[in-house]
Amino acid sequence: MTDLPPPPPPRRDWWRRLQRLPLSMMLASALLGLGIVQLTFQLGHSLYRTSIWTSDTQATRLRIQGLQSDIEELQDAVKAAQTPEHLRELARCRGYVGAGEQVIVARSAPTPDTPSENCQALRVP
């Protein structure tokens, strides 16, 4: 009388799900372990990068301080080079004499090409 198909037999899906539980637990554990390994690696790598960055930053700051002190020394040398006393000293190093001075030359005097003991070359470190 009715053309409906007979109802399907009761399914035992719950049994299959129960049988797959250990496999899914093992996969979840493996993925969790891999995640922990990756997290550990990422944390270690970020700590390493932080330590390298800190040491590079300190080295750069020390280098900047050294360069700033060199700049100050050079600026002081430029200011001192423009004073009349310094220019007079440089003229004496080259063999010039003042207007009211008399030139006396010793036999053992060095030639003008060699620097005398009056002229001391100063090097900026």
Side-chain angles (χ1 to χ4, degrees):
M1 309 214 168
T2 60
D3 294 324
L4 293 173
R11 298 180 80 192
R12 297 193 176 187
D13 286 337
W14 63 274
W15 182 250
R16 275 192 191 158
R17 280 190 233 147
L18 190 63
Q19 285 178 341
R20 289 187 188 171
L21 184 64
L23 178 63
S24 53
M25 291 297 282
M26 287 190 306
L27 285 174
S29 297
L31 289 175
L32 181 67
L34 287 174
I36 290 172
V37 168
Q38 183 181 7
L39 179 66
T40 304
F41 175 76
Q42 291 293 338
L43 286 175
H45 187 64
S46 65
L47 289 174
Y48 171 75
R49 283 185 7 208
T50 301
S51 66
I52 293 297
W53 181 80
T54 303
S55 65
D56 286 349
T57 303
Q58 284 179 336
T60 304
R61 286 185 179 159
L62 287 175
R63 179 75 175 135
I64 287 171
Q65 286 177 354
L67 291 174
Q68 285 175 343
S69 67
D70 288 348
I71 288 172
E72 290 173 4
E73 285 181 23
L74 290 173
Q75 286 174 344
D76 291 343
V78 167
K79 287 178 187 174
Q82 304 303 322
T83 61
E85 295 85 19
H86 181 71
L87 294 175
R88 193 174 302 117
E89 184 181 331
L90 286 177
R92 288 194 182 276
C93 282
R94 296 192 184 261
Y96 294 101
V97 293
E101 297 177 346
Q102 187 178 15
V103 178
I104 300 175
V105 179
R107 289 187 184 157
S108 62
T111 60
D113 298 333
T114 60
S116 66
E117 62 271 357
N118 292 341
C119 303
Q120 295 179 358
L122 298 176
R123 293 198 175 263
V124 178

| query | Between Gln38 and Leu34, is a side chain to side chain contact (heavy atoms under 4.5 Å, CB included) present by the stated rule, with each step listed? | reply | CA-CA 6 Å; Gln38 183 181 7; Leu34 287 174; over 6 Å; no

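Using a 4.5 Å heavy-atom threshold, the side chains of Arg49 and His45 count as touching.
Note that the CD atom of Gln42 and the OG atom of Ser46 stand 7.5 Å from one another [nearest 0.5 Å]. Taken to the nearest 0.5 Å, the OG1 atom of Thr57 stands 11.0 Å off from the CG atom of Leu62. Here the straight-line distance linking atom OG of Ser69 with atom CG of Leu67 works out to 7.5 Å at 0.5 Å rounding. In this structure, Leu43 CG and Leu39 CG are separated by 4.5 Å, a value rounded to the nearest 0.5 Å. Note that CG of Leu23 and CE of Met25 are 11.5 Å apart. Values are rounded to the nearest 0.5 Å.
Nearest heavy atom pair, residue Ser55 against residue Ile52, reads OG-O, 2.9 Å.
Atom CD of Glu101 sits in a crowded spot, with more than 12 heavy atoms from other residues, nucleotides or ligands closer than 6.0 Å.
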